[in-house]
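Following: one structure in structure tokens, then a few remarks.
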Amino acid sequence: MATNISNNYINLVLLHIGIGLGVFIFKPLSSLYFIAIIGLSLFEILKASHAKRPIYILIACAYVAGSEVFLRMTGGNFFYESSKYLVILFILIGLFLGDGVLKNSYKYIVYLLILVPGIIIGIFTLDFDTNVRTAITFNLSGPVCLGISALYCYNRRIHIKNLQNILLAALLPLISITVYLFFYSPSIKDILSGTQSNFEASGGFGPNQVATVLGLGVFLLTGRLFFQSKSLFLKVLNISILTLMAYRAIITFSRGGVLVAIVIILMFIIVFYIRAHSALKSRVLFSLFIFGIGILLTWLISSLNTQGLIDKRYTNQDALGREKQDITTGRTNLFTNELNEFFENPFLGVGVGKLKELRFKKEGVKAASHNEMSRIVGEHGLFGVIAFLILLLSPLFFRIQNRNNLYFYSFYLFWFLTINHSSMRIAAPAFIYGLCLLNIHYDKPPLHRKQIIKKR
């Protein structure tokens, strides 16, 4: 995972195709893969010079975040939340070794401290038969991972090429998961079961999480297609991987990750095109044409292979074509219940992990939150409101002073939209949020230069 990672792009793609196939053939390889990730990451981080260490840390964190769902799906990780813990660990190593944080990042220290009262309330209010440690760590691993990532990334100056390497590190494991899914369920027609989320098409794992990371992968490939695919070969390679990944995301029948991908891709293309100089705009339009054809064909193939069920899924119909009453598949009810708990306990909230218990007592349903915004205010009360406002507004204020990150709005929207349909079950939204706060620099102005008019 060295900083020249993109120079070996094709070899790395082939390697991760092999990893996906190898784990499918012999699943215990997944645990060896996990151990290798930890070992190689620590080796690269500890041997790096002080100047380069932050890049290695961010590359390691990106790779861990990208591989998380694959490892969960194949049973390779030793603990369910291992990836979030590793992201936190790698960053803490950097801080311990003297990487430091900028003074203006104090707001994220405040954010982390604000979470403490909810922990104390949870310890005293959770039921006796509840594993308090598990309940608290499950609900806080994501928010803490986000806070630590933001603290480390805030205004940290890195070159655009290093950012591209970081994003490639997140992408590579998603190629492995795509390969694994094609071998796990090569024919969607054999496993169709209606218009609900399809676990078999998702490798036997949660369709929501699978669609989320695959949607992220499609976005990352779009960035490579527009920004880094200068040859026709690379364009063909990247659009091929992109369409295969998009197809697997679509046929999970989980809409959240796919819709988020559409939004952040459109945002990236708009920003990229606006910032592009006139000579580059024609290249952007050509890439957009290739991208559009690829996505259109992907949807048509998805529709044919699912016998039209995927079209009904995205128009909120069941298999018989009847419109479903709740387009959010129960998420609105969860959101409302969590807000009601906030209104009943506005100051300190109900405590970390308590929302799930209260929902079970009132409705007899053990359902985890799908919305991080309602969860944090329900469990932390007014402290949660302050914490969420810090997360929501800080990147926007940072953006006012630093406009160099072409990916900023896509990163920001990925975090915000993902936590509103999938909470913070995975590390990806927490880590990608941190990338919003990087101070990106270029060898020359990123895309657009103002013309200098000479005085006569």
Side-chain angles (χ1 to χ4, degrees), residues 65 68-69 72 77 79-89 108 110-150 206 208-209 212 330-331 333-342 344-363 365-392 415-416 418-431 433-434:
E68 180 177 21
V69 172
R72 285 182 177 179
N77 52 354
F79 305 102
Y80 193 76
E81 302 292 340
S82 293
S83 296
K84 294 173 188 173
Y85 298 150
L86 283 175
V87 171
I88 295 169
L89 173 65
Y108 291 105
V110 174
Y111 159 78
L112 290 169
L113 292 175
I114 282 174
L115 301 177
V116 174
I119 298 174
I120 297 172
I121 298 296
I123 290 173
F124 287 101
T125 60
L126 287 170
D127 293 343
F128 287 110
D129 58 346
T130 297
N131 187 320
V132 175
R133 182 189 62 82
T134 301
I136 291 176
T137 55
F138 177 79
N139 285 281
L140 279 186
S141 58
V144 171
C145 181
L146 185 151
I148 295 294
S149 298
N208 187 283
Q209 295 181 31
T212 296
R331 285 176 171 82
N333 184 44
L334 291 173
F335 180 82
T336 302
N337 289 341
E338 288 169 352
L339 285 185
N340 286 337
E341 295 298 341
F342 165 69
E344 293 178 12
N345 305 272
F347 297 106
L348 295 176
V350 299
V352 174
K354 189 64 179 177
L355 283 173
K356 191 173 182 179
E357 289 185 353
L358 292 173
R359 190 177 299 118
F360 179 71
K361 290 178 180 178
K362 292 179 180 180
E363 302 179 9
V365 177
K366 286 188 176 182
S369 175
H370 283 268
N371 190 297
E372 190 65 21
M373 181 174 67
S374 58
R375 187 203 65 79
I376 197 170
V377 299
E379 292 186 348
H380 297 268
L382 285 177
F383 287 105
V385 174
I386 296 170
F388 188 75
L389 287 176
I390 290 173
L391 299 182
L392 187 68
W415 162 75
F416 180 75
T418 298
I419 67 167
N420 277 282
H421 78 82
S422 187
S423 196
M424 293 189 71
R425 286 176 170 78
I426 56 178
F431 178 71
Y433 177 94

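Please read these numbers as outputs of a predicted model, since none were measured by experiment. We're numbering straight along the sequence, starting at 1.
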Shortest non-hydrogen contact between Ala430 and Gly142, atoms and distance: CB-O, 3.9 Å

Under 3.5 Å: donor-acceptor pair, side chain of Glu68, backbone of Ala427: yes

Atom of Phe342, atom of Gly381 and distance for their closest heavy-atom approach: CE1-C, 3.7 Å

From CE (Met424) to CZ (Arg375), nearest 0.5 Å: 8.5 Å

pair Val69-Ile426: side-chain heavy atoms closer than 4.5 Å: yes

From CG (Leu115) to CG (Leu140), nearest 0.5 Å: 6.0 Å

Ala387 to Ile376 - nearest heavy-atom pair and separation: CB-CD1, 3.9 Å

Leu146 backbone acceptor or donor facing Lys84 side chain under 3.5 Å: no

Close side-chain approach of Glu372 and Phe388, heavy atoms under 4.5 Å: no

Student check: side-chain heavy atoms of Leu391 and Phe416 closer than 4.5 Å: no

Gap separating the NE2 atom of His380 from the CD1 atom of Ile114, nearest 0.5 angstrom: 10.0 Å

Leu89 side, atom CG; Ser82 side, atom OG - distance, nearest 0.5 Å: 11.5 Å

Any Leu112 side-chain heavy atom under 4.5 Å of Ile148 side chain: yes

Backbone of Pro143 reached by a side-chain donor or acceptor of Tyr111 within 3.5 Å: yes

Minimum heavy-atom distance Asn208-Ser422, with the two atoms named: OD1-OG, 2.6 Å

Heavy-atom pair with the smallest gap, counting every atom of Pro429 and Trp415: O-CD1, 3.6 Å

Minimal non-hydrogen separation, Ile88 against Ser141, with atom names: CD1-O, 4.3 Å

Reported CD-to-CD distance for the pair Glu379 and Glu338, which is rounded to 0.5 angstrom: 7.5 Å

Rounded distance [0.5 Å steps], OG1 in Thr137 versus CD in Glu81: 7.0 Å

